[in-house]
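Attaching a single structure in structure tokens format; questions to follow.
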Number of protein chains: 2
Amino acid sequence: MKTLQLTSSDRAILVRSRFFARLPHSTVDAILEGATLSSHEEHDVLFRQGDSIDDVFFVLSGLVRLYRLGKEGREADVAVFPKGEMFAENAMFLGHRVTASAEAAEASIILRLDSRKLRQLAAADPEVAQAIIEHLCHRGKMTEDLLAEDRLLTAPQRVASYILSHCPNGSTSFSFRLPFQKNVLAGKLGLAPEALSRAFSTLRQSGVTVKGRMIEIRDRQALERF
Amino acid sequence: MKTLQLTSSDRAILVRSRFFARLPHSTVDAILEGATLSSHEEHDVLFRQGDSIDDVFFVLSGLVRLYRLGKEGREADVAVFPKGEMFAENAMFLGHRVTASAEAAEASIILRLDSRKLRQLAAADPEVAQAIIEHLCHRGKMTEDLLAEDRLLTAPQRVASYILSHCPNGSTSFSFRLPFQKNVLAGKLGLAPEALSRAFSTLRQSGVTVKGRMIEIRDRQALERF
DNA sequence: GCGGCTACTTGACCTCGGTCAAACAACTGC
DNA sequence: GCAGTTGTTTGACCGAGGTCAAGTAGCCGC
């Protein structure tokens, strides 16, 4: 972990993110006051379940995994945040105790905002409050999606659903590059890495080709039917 | 479904609920303006996944199940709301399209608030915005809890965890009455009713006695170890 | 090229929990 | 009381996916 300066490309990420995009520059500046920047290696732990934290986190680059701990060191991912996502805002309104752990899933640059300041701003500026509300709604929906998929879909169906969510709708055949290691994808989908691998090979018969991180889809309908 | 008048005991439930408790009476009145009340039988559907709705719902009595639909009529509960809980606030900020269905899990009385009005109030009154934010944080944590339990715990462990969440901490032995049918509990825990039944009988060896809706615990530690 | 590392895949095995069917219990209306 | 309905339990079966172990592939430094 290493402290850094906010570069102009960092700022560009910020102001294009879902949360900050809707806010005027002056408000963004106010939120950023006192923010600190740090860079992390893969597997660096940002905070641990049960910690008391006074920050809200923002991913400027890289990837962060948010997970809960179970018996005997088991871990279950509850969310994965790519560049441009904000997290741990929950703690700000729930007594600052965090209900999950977070670690960098690859080398990452993280911005830490002062949660007390953000909270004050939310109380003073309805626009900020509105942005937080929409952010929370969005997060809630994401988690609900994961829960519903866990309960309704088999492993190959979940993988198909993930692939389809990356498909520009309309096109019947397309390809894309996984934005992270299969390892991480497995965790996000609630699968063991082996199960993800098997799911991919099941989907081969529906026109899915996997080579390294590249995914190629030949027949969209076949995937949807799955 | 039948339209009703708001009684004084309904109001008592409202002002004691997590969401309304923090707000001054005048604000509560403003939110309630234009609200409608209805009573529903078990299995009455309040709205369906994909519907466009302009209401926020509040359970005055009874129980509501929120669920997603899967292939071939399968259903997966994503939340269960007892008396005093508010739901479908998500839709208000996500284009009014609702991402799940809701139905009464027992005879219920439901209050429908005008979501446009609530949203306006949130924009005008930071106190309202604050209340919504805390409500969303709480809901987010609930969903995250469910997801993590699904991924980390076996059926008996989830049931044990549910029982413990109803145990006044400190006491080693206690008993309580299930607040709803085992059917509903099974859904909430992401289990088939048969699996719930089997989980209970597994827990017998750890000092749990089940008779109808009454649950009796003889040894708290044993449950925690499970 | 080579060795060594890490990511990923494959196979064998086994456990958890879903499903179907049947028995049983509790509650309803009569 | 009785019959009919509905909620719950139990048994038998099986399929999805976790785990462990052994491979394979890609990649880095040399």
Side-chain angles (χ1 to χ4, degrees), chain A residues 41-43 63 65 70-77 105-107 146 149-162 177-205 208-215 226, chain B residues 41-43 63 65 70-77 104-107 146 148-162 177-205 208-215 226:
Chain A
E41 312 263 310
E42 191 175 343
H43 298 130
L63 195 69
R65 211 166 60 84
K71 309 223 159 172
E72 296 151 31
R74 291 176 56 89
E75 300 180 352
D77 288 18
E106 58 184 55
L146 280 184
E149 295 205 341
D150 270 26
R151 292 187 169 182
L152 289 171
L153 305 182
T154 65
Q157 288 173 328
R158 274 180 276 187
V159 176
S161 156
Y162 175 80
R177 191 180 147 80
L178 285 179
F180 34 65
Q181 285 186 182
K182 296 204 179 110
N183 225 339
V184 178
L185 178 57
K188 180 180 152 89
L189 299 180
L191 296 173
E194 297 95 325
L196 175 63
S197 192
R198 278 187 253 268
F200 273 131
S201 72
T202 301
L203 291 179
R204 243 197 317 259
Q205 71 194 44
V208 176
T209 317
V210 180
K211 197 159 270 157
R213 282 201 190 176
M214 286 305 300
I215 311 289
F226 211 93
Chain B
E41 312 262 311
E42 191 174 342
H43 298 131
L63 195 69
R65 212 166 61 81
K71 310 224 159 169
E72 295 151 30
R74 290 175 56 88
E75 300 180 352
D77 289 19
E106 58 184 56
L146 280 184
E149 294 205 342
D150 270 26
R151 292 186 169 183
L152 288 172
L153 305 182
T154 65
Q157 288 172 330
R158 274 180 276 185
V159 176
S161 157
Y162 175 80
R177 190 181 148 80
L178 286 179
F180 35 65
Q181 285 186 184
K182 296 205 179 109
N183 226 339
V184 178
L185 178 57
K188 180 180 150 89
L189 299 179
L191 296 173
E194 297 95 323
L196 175 63
S197 192
R198 278 186 252 271
F200 273 132
S201 74
T202 302
L203 292 179
R204 245 199 315 260
Q205 71 193 45
V208 176
T209 317
V210 180
K211 198 158 269 157
R213 281 199 190 177
M214 286 304 301
I215 310 289
F226 212 95

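Residue numbering restarts at 1 for every chain, and letters A, B, ... go by the order of the sequence lines. Model, not experiment: these values are computed from the prediction.
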Legend entry - Worked verdict on B:R158 versus B:D150 for side-chain contact (heavy atoms from CB on, under 4.5 Å): CA-CA 8 Å; B:R158 274 180 276 185; B:D150 270 26; 3.1 Å; yes
Legend entry - Comparing B:H43 and B:R204 on DNA chain D - which has the more 5′ nearest nucleotide: B:H43
Inset, instruction - Report the distance from atom NZ of A:K211 to atom P of D:dA25, rounded to the nearest whole Å. - result: 12 Å
Legend entry - Given D:dG17, D:dT10, C:dT9, the nucleotide with the shortest approach to the side chain of A:R158: D:dG17
Inset, instruction - Please report the shortest heavy-atom distance between B:L152 and B:Q157, naming the atom on each side. - result: O-OE1, 4.1 Å
Legend entry - Within 6.0 angstrom of A:K211 NZ, more than 12 heavy atoms from elsewhere: no
Legend entry - Integer-rounded Å distance: D:dG18 C1' and A:E75 CD: 16 Å
Legend entry - Spacing between A:L153 atom CG and D:dG17 atom C1', to the nearest angstrom: 15 Å
Inset, instruction - Measure from the side-chain heavy atoms of B:E42 and tell me the nearest of D:dG7, C:dT9, C:dG18. - result: D:dG7
Inset, instruction - Please state whether the base of D:dC20 and the side chain of A:E194 form at least one donor-acceptor pair under 3.5 Å? - result: yes
Inset, instruction - Starting at atom CG of A:L152, determine the distance to atom P of D:dG17, rounded to an integer number of angstrom. - result: 13 Å
Legend entry - Rounded distance in Å - CZ (A:R74) to C1' (C:dC16): 12 Å
Inset, instruction - Indicate, yes or no, whether a donor-acceptor pair under 3.5 Å links the base of D:dT19 to the side chain of A:R198. - result: yes
Legend entry - Residue whose closest nucleotide on DNA chain C lies nearer the 5' end, A:A195 versus B:T154: A:A195
Legend entry - Considering all heavy atoms, the nearest A:L189-A:L196 contact: CD1-CD1, 4.4 Å
Inset, instruction - Using atom CG of A:L196 as one end and atom P of D:dA16 as the other, report the distance to the nearest whole Å. - result: 17 Å
Legend entry - Nearest-Å distance for atom pair NZ/C1', residues B:K182 and C:dA25: 11 Å
Legend entry - Nearest-Å distance for atom pair CZ/C1', residues A:R151 and C:dT19: 18 Å
Inset, instruction - Using a strict 4.0 Å threshold on nitrogen-to-oxygen distance, state whether B:R151 and A:D77 make a salt bridge. - result: no
Inset, instruction - Consider the side chain of A:A192, meaning its heavy atoms from C-beta on, and name the nucleotide among C:dG18, C:dA7, D:dT19 that approaches it most closely. - result: D:dT19
